[in-house]
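Owing to the predicted nature of the structure, the values given are computational and were not obtained by experimental measurement. For this chain, numbers begin at 1 and follow the sequence in order.
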Amino acid sequence: DGRDVFVIGLSSPVVMTFTPFDRNTHQKSPAEISRSSWTGDDLDVYLKRRWMVNFTDKARNEWKHAIRSGVQLGPPEDSICDWWGTMDVLLRRDDERLSISLAFE
């Protein structure tokens, strides 16, 4: 782990969520997190296909980052979706997601 983090998404768009580091976020199950996120202060960032994001300083040291496990839609869509901001804004996931993460000083 380094001071700077770069993540490069090579295929699917995704919603990356930043959560304040000082919050106790381990009390929720993955199912709860996929529906309501970790905290009410989370920040969702929509990253389009073939994206790159860099975070450093406060974004690196005072916020955690993750991709929620998503919500499963039933028939007829029968797919997994990310949500952005609220569950009212669903974004269909591709079947595969490939990314490269780099961290350095």
| query | Under 4.5 Å between any side-chain heavy atoms of S101 and F6, yes or no? | reply | no
| field | Atom pair CE/OG of M16 and S99 - distance to nearest 0.5 Å | value | 7.5 Å
| remark: By ring pair (Phe, Tyr, Trp, His ring centres under 6.0 Å), F55 pairs with (sequence neighbours left out) F18, H65
| In the single-linkage hydrophobic clustering (I, L, V, M, F, W, Y; side-chain heavy atoms under 4.5 Å), do I67 and V7 co-cluster? | yes
| Any side-chain heavy atom of V14 within less than 4.5 Å of one from R97? | yes
| With the 4.5 Å side-chain cut-off for hydrophobic clustering, are W63 and V5 part of the same group? | yes
| query | Under a 4.5 Å side-chain heavy-atom rule over Ile, Leu, Val, Met, Phe, Trp and Tyr, are L102 and M52 clustered together? | reply | yes
| said: We want to know whether D4 and T56 form a side-chain donor-acceptor pair, criterion being a heavy-atom distance below 3.5 angstrom. | reply: yes
| task | Determine yes or no for a side-chain-to-main-chain donor-acceptor pair under 3.5 angstrom, with R50 supplying the side chain and L10 the backbone. | result | no
| Atom CG of D95: over 12 foreign heavy atoms under 6.0 Å | no
N/O donor-acceptor pairs under 3.5 Å from side chains in residues 81-91, not counting sequence neighbours:
from : atom 1 : to  : atom 2 : distance (Å)
D82  : OD1    : R93 : NE     : 2.8
D82  : OD1    : R93 : NH2    : 2.6
D82  : OD2    : R93 : NE     : 3.3
W83  : NE1    : S34 : O      : 2.6
W84  : NE1    : D44 : O      : 3.4
T86  : OG1    : D88 : N      : 3.2

| query | Under a 4.5 Å cut-off applied to non-hydrogen side-chain atoms, are D94 and P13 in contact? | reply | yes
| request: First locate atom CD1 of I8, then atom CG of N54, and finally report the distance between them rounded to the nearest 0.5 Å. | output: 10.5 Å
| Which distance, rounded to the nearest 0.5 Å, do you find between the CD of E96 and the OG of S12? | 9.5 Å
| message | With side chain to side chain donor-acceptor pair (under 3.5 Å) as the criterion, how do T19 and D42 come out once you've worked through the C-alpha distance, each side chain's angles and the decisive distance to 0.1 Å? | response | CA-CA 5 Å; T19 300; D42 290 355; 3.1 Å; yes
